[in-house]
Amino acid sequence: MHACGHDSHVAMLLGAAKLLQSRRDLLQGTVKLVFQPGEESYSGAYHMLQDDVLDDINAILSIHVLPSVPTGAIASRPGPMLAGVGLFSATIQGKGAHASSPHLSKDPIVAACSAVIALQQIVSRETDPLKAMIIFYLPFLRWKSYRTCSRNYQFAMIDLVVTVGSIEGGRAGSVIPESVTFTGISRSLSSEGLSYLQKRITEVIEMQAAVHQCSATVDFMEDTYASSSNGQ
């Protein structure tokens, strides 16, 4: 049996439905419960908008699990809350050769390794370390007493993230391959940050490939999805 955050989200909304139904006489207005499809494909919200699911609402509350928040607590803040995302794939084209004659190659593995390391410096060297986002969270109390909670806690989230999650090149330890492909993800709490990351990721990979006399193709595989921002 496979369980992940999506299973938690369904259980959470079903639990909310049960609680709201038991207190329906106290509600003023209509509550719509929305189960978003296609979370893994990053397009569920788009199709819901196209189907007019959200046309007749005044406000929306979205909840997402987060391992860094203690069990029994709910975290929130005004403004940006969940990062926007962009997926990318890069292929570095070189020239293959036998491992005993590296001078006859244009080694794409070395170029790819250099690119992956250089990508980490976008965040560590080009991001203001004082611009971390502060999240506040409150211990979750019973339905009738949550307003009385006075304790709160906080933790920080970084505005920009670049991660390479897969790399593939070559089939034998004795052969330098013709090409290497790696894939990754960029995340930011602002549309400006996502645009900046897309620009710098492309520049870094292409330049690192050129340093090693290789060429590179960078493909942002899907449309960039904006960050989620809470109302004030």
Side-chain angles (χ1 to χ4, degrees), residues 5 9 34 36 38-50 54-55 57-69 74-92 112 114-137 152-167 181-211 216-232:
H9 297 157
V34 180
Q36 178 182 318
E39 287 186 86
E40 293 289 2
S41 63
Y42 300 96
S43 59
Y46 171 80
H47 292 295
M48 292 170 65
L49 290 170
Q50 295 301 304
L54 306 180
D55 282 358
I57 63 173
N58 297 320
I60 188 167
L61 175 66
S62 301
I63 300 179
H64 199 288
V65 292
L66 189 64
S68 56
V69 175
I74 294 177
S76 188
R77 73 182 296 276
M81 184 68 187
L82 297 178
V85 61
L87 304 174
F88 67 90
S89 174
T91 298
I92 295 184
S114 297
V116 171
I117 292 173
L119 287 173
Q120 312 311 308
Q121 298 170 19
I122 295 176
V123 174
S124 67
R125 300 293 91 182
E126 301 178 25
T127 301
D128 185 347
L130 299 179
K131 288 186 177 179
M133 179 183 71
I134 302 299
I135 299 292
F136 293 91
Y137 65 87
N152 61 33
Y153 308 84
Q154 66 182 41
F155 62 93
M157 294 180 65
I158 302 302
D159 180 50
L160 301 180
V161 173
V162 178
T163 297
V164 174
S166 74
I167 184 166
T181 297
F182 59 89
T183 63
I185 190 171
S186 60
R187 304 179 74 90
S188 176
L189 295 168
S190 68
S191 57
E192 295 80 9
L194 285 175
S195 297
Y196 180 78
L197 287 179
Q198 182 169 334
K199 173 178 175 291
R200 290 295 291 136
I201 287 169
T202 301
E203 291 174 348
V204 167
I205 295 173
E206 290 179 347
M207 290 179 180
Q208 287 298 320
V211 166
T217 301
V218 183
D219 177 25
F220 283 82
M221 297 180 289
E222 299 185 34
D223 292 336
T224 298
Y225 291 85
S227 62
S228 298
S229 183
N230 288 331
Q232 302 298 316

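Every value quoted in this text rests on a predicted model; they were computed, and no experiment measured them.
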Hits for side-chain hydrogen bond (donor to acceptor under 3.5 Å, both in side chains) against Q121, two or more places apart or cross-chain, chain-then-number order -> none
(message) When you compare the side chain of I122 with that of L197, does any pair of heavy atoms fall below 4.5 Å?
(response) yes
Taken in chain and number order and not counting sequence neighbours, the residues that satisfy side chain to side chain contact (heavy atoms under 4.5 Å, CB included) with T181 are S89, T91
Taken in chain and number order and not counting sequence neighbours, the residues that satisfy side-chain hydrogen bond (donor to acceptor under 3.5 Å, both in side chains) with S166 are T183
Here the pair of heavy atoms bringing G193 nearest to L160 is CA-CD2, 3.9 Å
Heavy atoms, side chains only, cut-off 4.5 Å: are S186 and I201 in contact? yes
Residues at least two apart in sequence or cross-chain that pass side chain to side chain contact (heavy atoms under 4.5 Å, CB included) with S190, listed by chain then number, are S188, E192
Look at the side chain of H9 and the backbone N and O of H64, then say whether any donor-acceptor pair between them is shorter than 3.5 Å. no
Residues passing the side-chain hydrogen bond (donor to acceptor under 3.5 Å, both in side chains) test with S227, sequence neighbours excluded, are none
Taken in chain and number order and not counting sequence neighbours, the residues that satisfy side chain to side chain contact (heavy atoms under 4.5 Å, CB included) with T163 are V161, I185
Tested for side chain to side chain contact (heavy atoms under 4.5 Å, CB included) against F220, the lone hit among L87, L194, T202 is T202
Sorted by chain and residue number, the side chain to side chain contact (heavy atoms under 4.5 Å, CB included) partners of V116 (sequence neighbours excluded) come out as Q120, V164, F182
Quick note, salt bridge (charged side-chain N to carboxylate O under 4.0 Å, His left out) partners involving residues 116-127, not counting sequence neighbours, are E126-R200
Between the CD1 atom in I205 and the OG atom in S114, the distance rounded to the nearest 0.5 Å is 12.0 Å
Residues A112 and I167: closest non-hydrogen pair is CB-CD1, 4.2 Å
